[in-house]
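Step one of this worksheet: look at the structure below.
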Amino acid sequence: MGGIGKTALAVEAGHRAFAEGWFPGGALFVDLRGYDDNPVTGDQAVLALLDALGVQGTDLPQTTVRQYDAYREILAERHNRTLLILDNASDPSQFLPLLPGTDHHRVLITSRNRPDALPVRLIDLETLTADDSVALVSRALHDADERDDRPAREPHALRELADLCGHLPLALQIAAAMLRRRRHRDIASLVAEIMAAGDPTPVLDGGSPGTDLYGRSLALRPVLEASYRRLPPEQARLLRLLALAPGIDVGTEAVAALTDLDVDVALGLLEDLASAGLVTPVPGGDVRWRLHDLVRAFGVSVVASAAELLEEGETARERLLELYWLLAYAADSRLRWLPGTAEPERFGDRRQALAWLDGERAGLVAAAQWAGEERHARRAVRLAECLGEYLVWRRYLDDWVTVARAAREAAHRAGDLDGEAIAWHNLGIALRETGQLDEAVDALTHTRDLSQAVEDRRGEAMAWGNLGDALRAAGRTEEAMDAHTRARELYEAVGDHHGEAMEWDSFGVALRKAGRTEEAMDAHTRARELFQAAEDRRGEGRTWHNLGAALREEGRVAEAIEAYGKDLDICREFENWYGAGQNLYYLARAHEEAQHHMEARTYYLQAADAYTRANAPTEAANAQSAAHALT
């Protein structure tokens with residue numbers, strides 16, 4: 001992409017090659033200005049090359065054809081190997097006529113476009129690593145003034161600055177130049193200025209001090225504008241709409257929705273933009289696409305520059321939200337699917353659904369937060385409703401809280417009581433999972449009240465059940481048992497045996513907390529029978545786990561180990577690594593209580609591994625510590 005440092009790398013490579021003695025014939029350098037308003041043509045370039053080779057005045061052939069002939073004849077007769085650098089080519093027609101026609105010499109071409117149709121070796125330049133970005137700015141400051149100790153004094157601010165510059169060499173150069181000029185101010189002040197602006201481009205360009213070593217202006221926006229202006233209309237439209245996509249990268253299907261194009265058409269345009277260095281393909285099972293942060297900011301500014309482009313962008317976001325909701329709904333349906341019910345059409349199994357959700361997670365979570373905008377609130381709330389099961393499954397609990405809060409606020413503003421009840425419910429569960437128990441109880445109480453207000457008996461049953469879980473976690477066991485009883489009665493009244501099974505299981509956990517272990521085992525057994533009748537393997541697994549806990553408290557360790565093992569098998573079947581970690585941890589505890597220390601240590605280590613796979617680092621660390629204690 002523009003500003004990546006192509007010219008600097010080519011020139012540095014040339015200098016090092018000369019130092020090694022590779023090119024005794026020297027170098028010929030032509031700036032083809034491929035991205036200026038008036039690019040240099042091959043015909044113009046050959047005149048400059050002939051002049052550099054000493055062909056001037058009356059020796060210069062009069063016709064273009066003869067000029068090319070003379071150029072190639074000189075190179076063919078030139079015994080000393082020469083390096084030809086053709087800089088900033090935007091089209092093969094600029095450089096193809098300039099190739100020497102002999103393999104004796106070497107040619108280095110820089111371009112923002114990949115000439116894929118030509119048999120040339122291609123070297124793609126990426127942005128710098130974080131460490132190299134920091135080193136570039138540090139060296140630039142030290143070279144200008146060896147007493148400048150700001151990089152050593154402000155390492156965190158320097159890394160923030162490098163991040164804000166997107167690790168793009170041109171942006172880093174400009175930032176370093178600004179810091180040199182404002183030598184009495186700290187790095188953090190520039191970081192704060194960029195963050196306040198929200199877009200680094202105007203800040204960096206506003207403080208840009210002149211030109212670089214090659215006489216070119218140190219400015220970002222002209223580089224980006226030049227690349228954008230040269231795009232055909234359909235590519236330019238895709239680029240600016242792609243800048244509106246949420247998340248770090250995005251799938252081709254989502255790009256097609258943004259642009260209202262067929263997937264194959266969108267894919268072709270994305271490949272064209274990738275060849276132009278404006279979009280980066282992210283390898284994987286399904287290719288995804290990423291914009292550099294500065295290109296994204298530029299695209300957003302283009303959309304905001306005109307009313308018609310702004311409306312085009314909002315319509316594009318509506319299409320993307322609709323696609324996200326449809327696919328998230330299908331994925332959520334697959335995750336919740338039970339035998340005997342209609343199978344979701346889009347995803348053939350849980351693994352496919354989880355793979356899609358994993359790939360799109362950042363975009364889905366960001367898009368759900370569009371609920372804060374009135375135009376997109378309804379669609380974003382529907383999307384948020386579909387993400388809870390997945391986010392708790394993968395233990396992305398902070399994301400869940402964020403999404404649920406956004407949905408709740410949007411539904412409340414819209415006066416949508418049904419949507420608000422669902423959002424409060426999701427928020428309550430998310431708060432419970434993150435240990436914010438008092439807030440969880442308040443949220444789920446609110447859910448219950450709203451469900452009663454809209455006469456949603458199943459919704460009220462769910463609210464009572466989850467309120468019971470939150471009350472139990474908060475140590476309010478008697479209230480929890482009452483809540484689970486109310487939930488079970490409501491499920492029975494509407495004929496929902498699956499919900500009834502969940503409440504028998506939760507009621508059993510509360511009974512165990514109250515010291516009524518025998519009654520708890522009866523409740524878990526009843527729940528297991530109902531889950532088995534519904535062919536819900538995951539629900540059955542939970543009852544085995546809870547039954548194992550009750551058996552362990554009764555001192556029936558062998559039976560407890562068998563029960564934990566049954567749930568462990570089911571968790572592994574569904575790749576529920578958090579559940580697997582729980583079972584392995586409690587298997588370790590049971591073996592430790594039975595004085596089987598070697599077996600206990602093995603299970604603790606396996607639990608740590610499972611928790612790590614489940615994105616639960618705290619639980620993994622606890623299991624690891626327990627294993628070390630038995631060493």
Problem - Leu364 and Trp356: CA distance, side-chain angles, deciding distance, side chain to side chain contact (heavy atoms under 4.5 Å, CB included) verdict - result: CA-CA 11 Å; Leu364 291 167; Trp356 182 81; 3.9 Å; yes
Problem - Derivation of the side-chain hydrogen bond (donor to acceptor under 3.5 Å, both in side chains) call for Trp337 and Ser333 - result: CA-CA 6 Å; Trp337 177 79; Ser333 299; over 6 Å; no
Practice task
Step by step, work out the side chain to side chain contact (heavy atoms under 4.5 Å, CB included) result for Met521 and Arg512.
Solution key: CA-CA 8 Å; Met521 288 190 286; Arg512 180 165 54 84; over 6 Å; no
Practice task
Evaluate the side chain to side chain contact (heavy atoms under 4.5 Å, CB included) criterion for residues Leu397 and Leu391: first the C-alpha distance (whole Å), next the side-chain angles of each, then the deciding distance (0.1 Å), finally the verdict.
Solution key: CA-CA 6 Å; Leu397 302 179; Leu391 292 173; over 6 Å; no
Handout entry: Residues Arg394, Arg361; criterion side chain to side chain contact (heavy atoms under 4.5 Å, CB included); working and verdict
Key = CA-CA 11 Å; Arg394 290 297 200 216; Arg361 177 176 69 90; over 6 Å; no
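We find the CZ-CG distance between Arg378 and Asp416 to be 10.0 Å, quoted to the nearest 0.5 Å. With rounding to the nearest 0.5 angstrom, the CH2 atom of Trp325 is 12.5 Å from the CG atom of Leu387. Interatomic distance, SG of Cys386 versus CZ of Arg336, reported as 8.5 Å (0.5 Å rounding).
Proximity of the aromatic rings of Tyr586 and His545 is defined here by a centroid distance below 6.0 angstrom, and this criterion is met. Two rings, from Tyr491 and His498, have their centers 6.0 Å or more apart.
Residues satisfying the salt bridge (charged side-chain N to carboxylate O under 4.0 Å, His left out) criterion with Asp249, sequence neighbours excluded, are Arg288, Arg290. In this structure Arg382 satisfies the salt bridge (charged side-chain N to carboxylate O under 4.0 Å, His left out) test together with Glu322, sequence neighbours excluded.
Between Tyr603 and the choices His596, His591, His597, the ring-ring contact (aromatic ring centres under 6.0 Å, His included) rule is met once, by His591. Here the rule is side chain to side chain contact (heavy atoms under 4.5 Å, CB included) with Leu270, and of Leu239, Val287, Leu238 only Leu238 fits it. When Glu389, Gln352, Glu345, Glu343 are each tested for a side-chain hydrogen bond (donor to acceptor under 3.5 Å, both in side chains) with Arg334, only one passes: Glu343.
In this structure the side chain of Trp400 never reaches within 4.5 angstrom of the side chain of Leu427, judged on heavy atoms.
The existence of a salt bridge linking Glu318 and Arg375 is confirmed by a sub-4.0 Å separation between a basic side-chain nitrogen and an acidic carboxylate oxygen. Contact check on Arg432 versus Glu439 returns no salt bridge, with no Lys/Arg side-chain nitrogen under 4.0 Å from an Asp/Glu carboxylate oxygen. A salt bridge is absent between Glu503 and Arg486; no separation between the charged side-chain nitrogens and carboxylate oxygens falls under 4.0 Å. The pair Arg472-Asp469 meets the salt-bridge criterion, with a side-chain N (NZ, NE, NH1 or NH2) lying under 4.0 Å from an Asp/Glu carboxylate O.
No side-chain donor from either of Trp289 and Thr280 sits under 3.5 Å from a side-chain acceptor of the other. If you check the side chains of Glu311 and Thr315, you find a donor sitting under 3.5 Å from an acceptor. For the 3.5 Å distance criterion, the side chains of Glu492 and His497 fail to qualify, holding no donor opposite an acceptor.
One N or O on the side chain of Asp536 and one on the backbone of Gly539 form a donor-acceptor pair closer than 3.5 Å. Formation of a donor-acceptor pair under 3.5 Å by the Arg319 side chain with backbone atoms of Leu258 is found in this model. Using a distance-only test at 3.5 Å, with no hydrogens or angles considered, a donor-acceptor pair links the side chain of Arg237 to the main chain of Thr259. In this structure, the side chain of Arg296 engages the main chain of Ala245 through a donor-acceptor pair within 3.5 Å.
Sorted by first and then second residue, the pairs that involve residues 611-627 and meet side-chain hydrogen bond (donor to acceptor under 3.5 Å, both in side chains), not counting sequence neighbours, are Tyr578-Glu619.
Both tests do not hold together for Arg379 against Trp370: distance to the six-membered ring centre under 6.0 Å, angle to the ring axis within 45°. Under a cutoff of 6.0 Å and an axis angle of 45°, Arg537 and Phe531 do not form a cation-pi pair.
Taking a 6.0 Å sphere around CG of Asp398, one finds it holds 12 or fewer heavy atoms contributed by other residues, nucleotides or ligands.
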